[in-house]
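Positions are given from 1, in the same order as the sequence printed here.
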Amino acid sequence: MANQRTLASIVAGIVAILGLTVLIVVLADQRAPVDYPPDSPEAAVQGYLQAWDANDPAAAYAWFSADAQKQLAFADYRPVFAEVQRYTEGPDAARRSVFIAGTRGSGDRVTVNLTVEEVYGTGLSLNTYRSSRSVAVVREGTSWKLVEPLVWLDPAPLNKEPGAY
C-alpha cells in the first residue's frame, strides 16, 4: 500500500512539474511587441514585418528603399510575396517570432540584428529553432528603408522567371 502511495505521489509530482512547465512556456510566449521610435531603424524593420504578417504586399514593398524598388518592381514582387505567403501559412507551417537583438553601425546606413524563432509541431513533437538574421537599412529623408527587397527575411529573387522562388 505504501508503494502505491509513493508511486501516486511521484506521478502527481511529475504531472505538476509538467503543468508548471507548460504554464511558463505559454506565459513566456505572451511577450508584447516593443514600441520603437517611429523614426528609428528598428521601427522600419518592425513595420515591414507587420506588413508581412498582415499579408499586405503593397505595405511591405513601401518599406523598401528607392534602390531596392529599382531592383525589383512591385509588379514582380507581388506574385513572389503571394507564393511565399501561401507556403508559410496553414496548420503545418512554422510559427515564427522575430526579436530585434540590436543595431550595428551609425550614420545613415545601419544593420538591424534579429533573432528568429521558429516553432514546428505540437506536443511531444514540438521543435524550436533559433537563428540570427541581419537587415540593412538606410535613411531616406526622415525615414528608414530596407536596403534590399525581401520576401519575409530572405532576399527576393531578382530574376523574372515565374515560379523561380
Side-chain angles (χ1 to χ4, degrees), residues 23-122 126-165:
L23 180 63
I24 290 170
V25 168
V26 168
L27 290 176
D29 200 36
Q30 301 296 325
R31 293 171 266 195
V34 177
D35 287 328
Y36 293 100
D39 59 344
S40 69
E42 296 89 349
V45 174
Q46 189 178 49
Y48 167 75
L49 290 170
Q50 288 170 341
W52 181 269
D53 288 344
N55 199 11
D56 187 343
Y61 188 81
W63 286 104
F64 298 155
S65 69
D67 286 342
Q69 290 182 3
K70 286 178 191 172
Q71 291 177 39
L72 185 66
F74 181 67
D76 297 322
Y77 179 72
R78 185 179 31 220
V80 173
F81 182 100
E83 186 175 342
V84 173
Q85 277 283 5
R86 186 179 47 192
Y87 289 111
T88 59
E89 295 176 349
D92 295 331
R95 293 175 303 283
R96 295 177 172 166
S97 298
V98 179
F99 307 97
I100 294 179
T103 302
R104 286 191 326 260
S106 61
D108 290 341
R109 188 177 176 108
V110 299
T111 301
V112 178
N113 300 315
L114 308 172
T115 299
V116 178
E117 184 177 275
E118 298 176 284
V119 179
Y120 297 89
T122 59
L126 186 72
N127 293 300
T128 302
Y129 300 97
R130 284 195 174 171
S131 60
S132 298
R133 305 274 176 102
S134 297
V135 177
V137 294
V138 63
R139 185 186 305 272
E140 289 186 351
T142 60
S143 304
W144 287 93
K145 300 289 184 167
L146 282 64
V147 169
E148 67 179 320
L150 298 178
V151 179
W152 193 64
L153 291 173
D154 299 316
L158 296 179
N159 61 6
K160 306 236 172 139
E161 296 177 29
Y165 192 77

Are any non-hydrogen side-chain atoms of [X] and [Y] less than 4.5 angstrom apart?
{"X": "Ile100", "Y": "Val34", "result": "no"}
{"X": "Val119", "Y": "Leu126", "result": "yes"}
{"X": "Tyr120", "Y": "Thr128", "result": "no"}
{"X": "Pro57", "Y": "Phe74", "result": "yes"}

Residues in ring-ring contact (aromatic ring centres under 6.0 Å, His included) with Tyr36, at least two apart?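 Per chain and number, Tyr36 pairs via ring-ring contact (aromatic ring centres under 6.0 Å, His included) with no residue.
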
Locate the shortest heavy-atom distance separating [X] from [Y]; write the atom from each residue and the value.
{"X": "Ala62", "Y": "Gln69", "value": "CA-NE2, 4.0 Å"}
{"X": "Glu148", "Y": "Pro155", "value": "OE1-CB, 3.7 Å"}
{"X": "Glu140", "Y": "Ser65", "value": "OE2-CB, 3.1 Å"}
{"X": "Trp144", "Y": "Val137", "value": "CE3-CG2, 3.8 Å"}
{"X": "Phe81", "Y": "Ala60", "value": "CE1-CB, 4.0 Å"}
{"X": "Ala43", "Y": "Pro38", "value": "CB-O, 3.9 Å"}

First locate atom CG of Asp67, then atom CG of Leu72, and finally report the distance between them rounded to the nearest 0.5 Å.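 Here the rounded value is 13.0 Å.
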
Enter the distance from Asp35:CG to Ser40:OG here, rounded to the nearest 0.5 Å.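 Rounded to the nearest 0.5 Å, the CG-OG separation comes to 10.5 Å.
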
Could you note down all residue pairs passing side-chain hydrogen bond (donor to acceptor under 3.5 Å, both in side chains) where residues 48-59 supplies at least one of them, sequence neighbours left out?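 Matches after skipping sequence neighbours: none remain.
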
Donor-acceptor pairs under 3.5 angstrom involving side-chain atoms of residues 105-113: please list them, not counting sequence neighbours.
| residue | atom | partner | partner atom | Å |
| --- | --- | --- | --- | --- |
| Asp108 | OD1 | Arg139 | NE | 3.3 |
| Asn113 | OD1 | Arg104 | NH1 | 2.7 |
| Asn113 | OD1 | Ser134 | OG | 3.3 |

Just checking Asn127: does its CG atom have more than 12 heavy atoms from other residues, nucleotides or ligands closer to it than 6.0 angstrom?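 Result for CG/Asn127: enclosed.
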
What do the steps show when you test Arg133 against Asp154 for side chain to side chain contact (heavy atoms under 4.5 Å, CB included), and what is the final call? CA-CA 9 Å; Arg133 305 274 176 102; Asp154 299 316; 3.2 Å; yes

Between Phe64 and Tyr77, how do the two ring planes meet: parallel, tilted or perpendicular, split at 30° and 60°?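 Phe64 and Tyr77: perpendicular rings.
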
